[in-house]
Protein chains: 2
Amino acid sequence: MVTIKDIAREVGVSPSTVSRALSNSPLISQATKERVHTVAKQLGYERNELARALVKGSSEAIGLVVPDITNPFFADIARGVGEVAHAFGYGVILCNTAESLERGLNYIRLLRRKRVDGLIITNAIRNDPVAKQLVGSKTPFILVSQLWEGIETPYVTGDDHYGARQAVEHLIALGHKRIGFIGGPAAVQSSNDRMQTYRNVLQKHGITPQEEWIRYADFTQRAGREAGRRMLSLTVRPTAIFAANDVIALGVLEAAEDLGLSVPKDLSIVGYDDISYASLPRIQLTTVAQPAFEMGKIATDWLISTISGQGRDFLHRVLKPHLVVRCTTSKPSP
Amino acid sequence: MVTIKDIAREVGVSPSTVSRALSNSPLISQATKERVHTVAKQLGYERNELARALVKGSSEAIGLVVPDITNPFFADIARGVGEVAHAFGYGVILCNTAESLERGLNYIRLLRRKRVDGLIITNAIRNDPVAKQLVGSKTPFILVSQLWEGIETPYVTGDDHYGARQAVEHLIALGHKRIGFIGGPAAVQSSNDRMQTYRNVLQKHGITPQEEWIRYADFTQRAGREAGRRMLSLTVRPTAIFAANDVIALGVLEAAEDLGLSVPKDLSIVGYDDISYASLPRIQLTTVAQPAFEMGKIATDWLISTISGQGRDFLHRVLKPHLVVRCTTSKPSP
DNA sequence: TTGTAGGCGTTATCAA
DNA sequence: TTGATAACGCCTACAA
């Protein structure tokens with residue numbers, strides 16, 4: 001690898017002159033700059049960002065931790081993050097925890113060791129020393145679509161209570177009384193919030209769901225399918241299911257198909273997120289839309305401006321989702 | 001940030017002793033090791049990987065460049081890469097080019113400046129100096145589901161000719177004669193290969209497609225929908241469309257719906273990749289399956305073993321895809 | 001306008 | 001078993 005010393009030797013100046021020329025310092029004469037640049041190009045010089053970051057104390061990189069990159073919701077957040085980061089000259093190190101809490105913690109530690117300038121976190125966390133340490137540290141970070149119980153952090157999230165209320169009230173308005181819920185892992189706050197609101201809204205309408213109609217799954221299609229199959233095989237089965245995200249909802253759709261139930265005639269389904277596949281013609285999933293791409297952008301904007309010291313306060317941004325009624329919900333058949 | 005010097009001072013030993021203790025060198029006494037470790041933990045020490053990488057000449061990180069992370073095909077590759085990288089203690093820096101050739105080149109340069117130990121590239125590239133430079137360099141890299149015209153590189157890819165032949169012959173066997181093709185951007189080799197084979201197979205069967213039945217789009221649902229709408233609005237329209245990937249195919253499905261055409265009665269559709277959404281009950285897309293996750297794993301395995309000097313030769317791995325016949329293809333209606 | 005020297009946080013070599 | 005010392009490649013006072 002060619003270094004500034006090589007260039008210096010070749011051009012016949014000192015390394016510091018090369019360094020300055022390369023970073024376009026006004027102190028350097030036009031002539032030397034040109035010579036330095038041509039030699040640099042000629043030798044195929046690429047500046048060592050590791051060394052640079054070490055001395056500048058800043059790596060121009062941010063870390064992004066997601067639980068499942070194959071979920072379009074997180075892929076869209078990642079796209080938003082990348083878009084803004086790229087515009088500001090920042091790199092993004094993306095880590096996929098595959099829904100493992102432990103891996104999430106490992107990645108957070110790894111990213112901090114790599115001295116990223118900031119962190120965007122979309123996965124749940126146990127009340128763990130690593131989290132405490134992160135909060136206590138100087139590394140700025142922000143949560144997206146996620147809250148950590150009992151820990152004060154900046155965040156960009158959707159209003160899960162509002163969204164869940166829209167979903168459940170829609171089902172009730174259609175006349176459903178037997179409404180099930182399939183949530184994500186218990187550690188995920190947003191899933192819990194949606195569940196809580198589901199319970200509250202039902203209660204407000206004088207409906208008490210059977211406990212077998214409330215299930216937790218992983219946030220995957222397969223888990224949704226299994227949970228759905230089980231719930232729909234009960235002797236008294238719900239006429240509608242509210243799923244904590246679209247991926248689960250699509251799994252439930254599969255389960256219905258497996259059991260020969262027709263949607264929405266025999267079963268209404270509402271998802272959450274409005275991933276792009278939810279609007280496919282044959283799918284037409286009724287769901288609660290969240291602006292994932294936007295959330296990624298907002299979080300990154302805040303993070304980068306915080307990194308560069310234009311410290312706006314803690315960001316607490318709650319975006320209102322909205323219900324998109326498509327074709328997987330209808331009146332329950334009598 | 002606390003450094004080994006801080007620990008050294010606290011424990012009352014030299015920084016080198018701390019360094020050795022922390023990396024569990026056999027030279028250090030058990031007693032000192034323990035003292036060092038407890039003080040390190042107590043002070044919340046996190047080793048600076050930047051400094052470490054600088055002296056070791058290796059960052060334990062690999063770069064991954066993808067054209068579109070929201071395409072489940074690439075998300076799955078990314079998952080495979082992450083899985084293996086993680087197992088070997090490597091980090092992954094993921095860069096999303098948003099289908100821009102230029103951004104792709106920028107990212108490759110950026111990753112090299114960050115001194116990643118290796119590169120996994122899934123995007124197309126113009127015959128560019130950056131590519132030449134990469135090939136001439138010591139940085140190991142491998143292409144996944146991609147070939148660079150006229151440049152000799154390691155790669156893991158699917159057999160696009162074989163896959164496309166399965167697809168087109170399936171349509172011909174069903175009795176189709178008016179078969180269209182919607183490809184990705186012209187710079188993408190795999191898309192071109194599929195197109196070439198499409199032409200060849202038709203020709204072999206004595207069929208000459210109208211030129212309006214061959215279109216290029218971006219590898220996105222929206223582009224597929226638009227291209228599909230245009231093609232299906234022709235006065236003489238194809239009875240079947242072979243799309244260069246599933247995302248485009250889903251767009252074509254939307255287009256058909258838009259125009260009131262029923263699939264597969266009025267139009268058969270074959271995709272490519274078999275992303276997870278292709279098998280949804282209501283979609284049931286006939287497609288050519290490629291093992292994306294596997295491809296990511298294979299590439300990363302090779303890359304890391306090459307990095308660590310167990311240099312197997314250039315990897316040229318071609319995986320055979322297979323046709324999955326579902327419900328978007330049938331005999332053309334008379 | 002340029003050069004010298006010191007330091008960023010590690011690891012590695014050589015002595016002790 | 002431990003400690004100095006010199007790198008790694010770059011940046012930046014301070015001097016010239």
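Quantities reported herein were computed from a predicted structural model and do not represent experimental measurements. A note on names: the letters A, B, ... follow the listed sequences, proteins ahead of strands, and every chain is numbered from 1.
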Go through Ser14(B) and Ser16(B) one step at a time and tell me if the side chain to side chain donor-acceptor pair (under 3.5 Å) criterion holds.
-> CA-CA 5 Å; Ser14(B) 78; Ser16(B) 19; 3.1 Å; yes
**OP:** Describe, in one word, how the ring planes of His316(B) and Tyr155(B) are oriented to each other, choosing from parallel (under 30°), tilted (30 to 60°) and perpendicular (over 60°).
**Re:** parallel
To the nearest angstrom, the CD-C1' distance between Glu60(B) and dT11(C) comes to 14 Å
Value for OG1 (Thr306(B)) from CZ (Phe141(B)), rounded to nearest 0.5 Å, stands at 11.5 Å
Here the residues of residues 31-38 of chain B within 4.0 Å heavy-atom distance, strictly under, of DNA chain D are Thr32(B)
Between NZ of Lys114(A) and P of dC8(C) the distance, given in whole Å, is 22 Å
Rounding to 0.5 Å, atoms CD1 (Ile142(A)) and CD1 (Ile120(A)) come to a distance of 7.0 Å
Only one of Arg112(A), Arg115(A), Arg113(A), Arg109(A) passes salt bridge (charged side-chain N to carboxylate O under 4.0 Å, His left out) with Glu49(B), and that residue is Arg113(A)
message = Quick test of your reading of the model: are Glu83(A) and Arg103(B) salt-bridged, counting only N-O distances below 4.0 Å?
response = yes
One should read off an interatomic distance between Thr17(A) OG1 and Leu22(A) CG, to the nearest 0.5 angstrom, of 11.5 Å
Between CG of Leu27(B) and P of dC14(C) the distance, given in whole Å, is 14 Å
Quick tally for nucleotides 4-14 of chain D: nucleotides whose base has a protein heavy atom under 4.0 Å get B, sugar-phosphate-only ones S, the rest -, giving B---BBBSBB-
| said: For dT1(D) and Ser29(B) - does any side-chain N or O of the residue sit under 4.0 Å from the phosphate oxygens OP1/OP2? | reply: no
When rounded to the nearest 0.5 Å, the distance separating CG of Leu43(A) from CD1 of Ile4(A) is 13.0 Å
